[in-house]
2 protein chains.
Amino acid sequence: MEQDPATDPVSELETHLAAFQREFPEIDPQVEAIVAALFRLHRRMDVAYGRQLTALGISNAEWEVLRTLVVAGRPYRLGPGELARSLGLTAAAVTHRVDRMVTDGLVTRSRDENNRVRVIIELTDAGREMWDLVVREAARFEAGLLQDLGSGERAALADGLRRMLERVEETQPDAAGRTEG
Amino acid sequence: MEQDPATDPVSELETHLAAFQREFPEIDPQVEAIVAALFRLHRRMDVAYGRQLTALGISNAEWEVLRTLVVAGRPYRLGPGELARSLGLTAAAVTHRVDRMVTDGLVTRSRDENNRVRVIIELTDAGREMWDLVVREAARFEAGLLQDLGSGERAALADGLRRMLERVEETQPDAAGRTEG
DNA sequence: TGCGTATAGTTTAGTACTGAAGTCTTCAGC
DNA sequence: GCTGAAGACTTCAGTACTAAACTATACGCA
């Protein structure tokens, strides 16, 4: 990775973009810059969240389930099938995750007595408290990432991302979004 | 998820943001909007890339290895250790991935005769051709996502993402970035 | 030359996921 | 109220990963 100091790219992102220009000159560098920054940023944030979660004693998988239940609203109950759709997982994976979370006391699993085919996964008080804890930590971290940007710049960023998201949702309609972020 | 039509959010993103405001009113909604859009966009794009790759006959894992070799530049050779660092995987995982890719004819594995501890993973012509094919498809897709945005808007988006990335790299220095995107 | 340590990569054991097969509950039709 | 089909979840078999143990080569130094 050693390079001539005069042209040494400052970041790994620049190295990547330079390599792309070298290998594929006909690709629009601005498009590639946006996509590459987006993927790198996501990756880094994901790693950072993982660390925070580990420090707080839960896994990323458990956190996703907690968040999905909270976003669903009171009384914080969903079936395995609903969870699977929201999380973009198979029902089998949800069965395994919920097994672990019941052991950890974050959720309970019970049969719906009105319709015994259905299973109800419900957030416990401990689960809700864990959620609060994680969200506060994450919000602090996220605010830090954006601290350099003024209100107008944030609005421009949010707008750009939203418009890309609308496009991708049009283009790829059935790729059900897991409740991420 | 049924809601009053008058306030029915148009997208799943808005549902998520509304839920966050409801459950956690003290969080800055603009920050949450940026982070949530970013994660959703990444997820959708990831799914879209996965489909393209499947259609072209390789997996996402194989694609990551091809890209890392190409970005490294001619003669498109790296050792398992370098690949592991770039990809954010363990050396063990690289061993397994390369096993599959050798079978598929995308790369070759050989000993460095000057230093027999080292193993050289080298892109084959077939691997390079596959890379070209994938990049062209991906570039078309990415350009489509950005087609609504003017040059100034793209610059603002790229700038915002880059500044977030710089921040996260400062805050989380050792989370080596895999060569993603 | 030969020993000890460091380095590069592979193998092994264990975890989390997927797709498919299986189990149990409900409901419609007779 | 029995039977068959449909639906919701779980179990099973297989895949890809990680951490840790292992193997083999290289290097420093007497």
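Everything numeric in this text was worked out from a predicted model, so none of it was measured. Just so it is clear: chains get the letters A, B, ... in the order the sequence lines come, proteins before strands, and each one is counted from 1.
- Just one of A:Arg44, A:Glu137, A:Glu142 meets the side chain to side chain donor-acceptor pair (under 3.5 Å) condition when paired with A:Tyr49; it is A:Glu142.
- Residues passing the side-chain contact (heavy atoms from CB on, under 4.5 Å) test with B:Asn115, sequence neighbours excluded: B:Asp112, B:Val117, B:Arg118.
- The span of DNA chain D lying next to chain B, judged by atoms under 4.0 Å from heavy atoms, is bounded 5' to 3' by D:dA16 to D:dA26.
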Per-nucleotide protein contact string for nucleotides 7-23 of chain C, where B marks a base within reach and S marks sugar-phosphate only (heavy atoms under 4.0 Å, - for neither): -SSBBB---SSBB----
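- Counting all heavy atoms, side chain and backbone alike, B:Arg116 lies closest to B:Arg111 at O-NH1, 2.7 Å.
- Applying the side-chain contact (heavy atoms from CB on, under 4.5 Å) test to A:Ala84 and every residue at least two apart in sequence or in another chain returns A:Val94.
- Pairing each heavy atom of B:Met45 with each of A:Phe39, the nearest pair is CE-CE1, 3.8 Å.
- When the ring-ring contact (aromatic ring centres under 6.0 Å, His included) test is applied to B:Tyr76, no partner is found at least two apart in sequence or on another chain.
- The side-chain hydrogen bond (donor to acceptor under 3.5 Å, both in side chains) test applied to A:Glu122 returns A:Arg77, not counting sequence neighbours.
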